Amino acid sequence: GRTEAIQAVFHCEDGSDLQVTFQPTPDGVLVVQEGYTAVQLPARGAGAGYRYADNGAQLRGSGREARWTRPGAAETVCRQIEE
């Protein structure tokens with residue numbers, strides 16, 4: 001398995017940008033969205049791809065595409081962008 005955190009930036013259809021840190025142990029993700037509190041989410045089983053979710057927030061995806069849901073907001077489709 002991975003031993004180092006991986007950082008990625010996603011641009012979402014609702015105009016927001018996400019800074020996402022995929023953490024290896026414990027398996028989880030930190031999502032930073034401008035204007036909001038950072039969200040730490042634990043991994044959930046996803047079959048193909050990945051899914052992190054907790055308290056109504058969810059980041060799920062595979063490859064370069066992800067879907068981000070913040071509590072009280074509609075799901076938005078996000079694409080990983082190159083740094």
Side-chain angles (χ1 to χ4, degrees):
R2 293 199 319 268
T3 56
E4 295 177 15
I6 296 174
Q7 291 197 306
V9 177
F10 290 83
H11 182 67
C12 304
E13 288 182 349
D14 67 358
S16 60
D17 287 323
L18 306 178
Q19 286 185 312
V20 179
T21 304
F22 295 92
Q23 301 153 330
T25 40
D27 190 2
V29 72
L30 179 69
V31 179
V32 179
Q33 181 179 4
E34 192 173 329
Y36 294 94
T37 305
V39 179
Q40 177 78 44
L41 303 174
R44 309 289 186 189
Y50 57 81
R51 184 168 82 91
Y52 301 90
D54 200 25
N55 294 328
Q58 176 174 261
L59 180 74
R60 64 187 174 93
S62 61
R64 307 192 72 73
E65 185 171 292
R67 292 172 184 268
W68 168 240
T69 308
R70 176 174 283 283
E75 179 181 84
T76 184
V77 177
C78 308
R79 253 176 218 294
Q80 188 175 342
I81 57 178
E82 300 296 335
E83 285 290 288

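As the structure is a computational prediction, the values presented were derived from the model and not from experiment.
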- Item | Point-to-point distance, once rounded to the nearest 0.5 Å, from CH2 of Trp68 to CG of Leu41 | 5.5 Å
- Non-hydrogen atoms of Asp54 and Pro42 that approach each other most closely: CB-CD, 3.6 Å
- Measuring from Arg64:CZ to Phe10:CZ, what's the distance to the nearest 0.5 Å? 8.0 Å
- Mind listing the closest non-hydrogen atom pair of Tyr52 and Ala43 along with its distance? CD2-CA, 3.4 Å
- Task: Please report the shortest heavy-atom distance between Arg70 and Thr37, naming the atom on each side.
- Result: NH2-O, 3.7 Å
- Could you state the interatomic distance from CD1 (Ile81) to CG (Leu18), rounded to the nearest 0.5 Å? 9.5 Å
- Query: If you look only at pairs with a residue in residues 12-26, which of them pass as a salt bridge (charged side-chain N to carboxylate O under 4.0 Å, His left out), with sequence neighbours excluded?
  - Reply: none
- Task: Enter the distance from Glu4:CD to Ile6:CD1 here, rounded to the nearest 0.5 Å.
- Result: 8.5 Å
- Message: Just so I know, are the side chains of Asn55 and Pro71 near enough to count as touching, which here means a heavy-atom distance under 4.5 Å?
- Response: no
- Donor + acceptor pair across side chains of Glu75, Gln58 (<3.5 Å): no
- Note on the structure: Closest non-hydrogen atoms of Ala57 and Val39, given as atom of the first, atom of the second and distance, are CB-CG1, 4.2 Å
- Flag yes if Val29 and Tyr50 sit in one hydrophobic cluster, no otherwise; membership is Ile, Leu, Val, Met, Phe, Trp, Tyr, and two members link when side-chain heavy atoms are under 4.5 Å apart. yes
- Message: Just verifying a value: how many Å separate Thr76 OG1 and His11 NE2, rounded to the nearest 0.5 Å?
- Response: 8.5 Å
- Query: To the nearest 0.5 Å, what is the distance between OG (Ser62) and CZ (Arg67)?
  - Reply: 9.5 Å
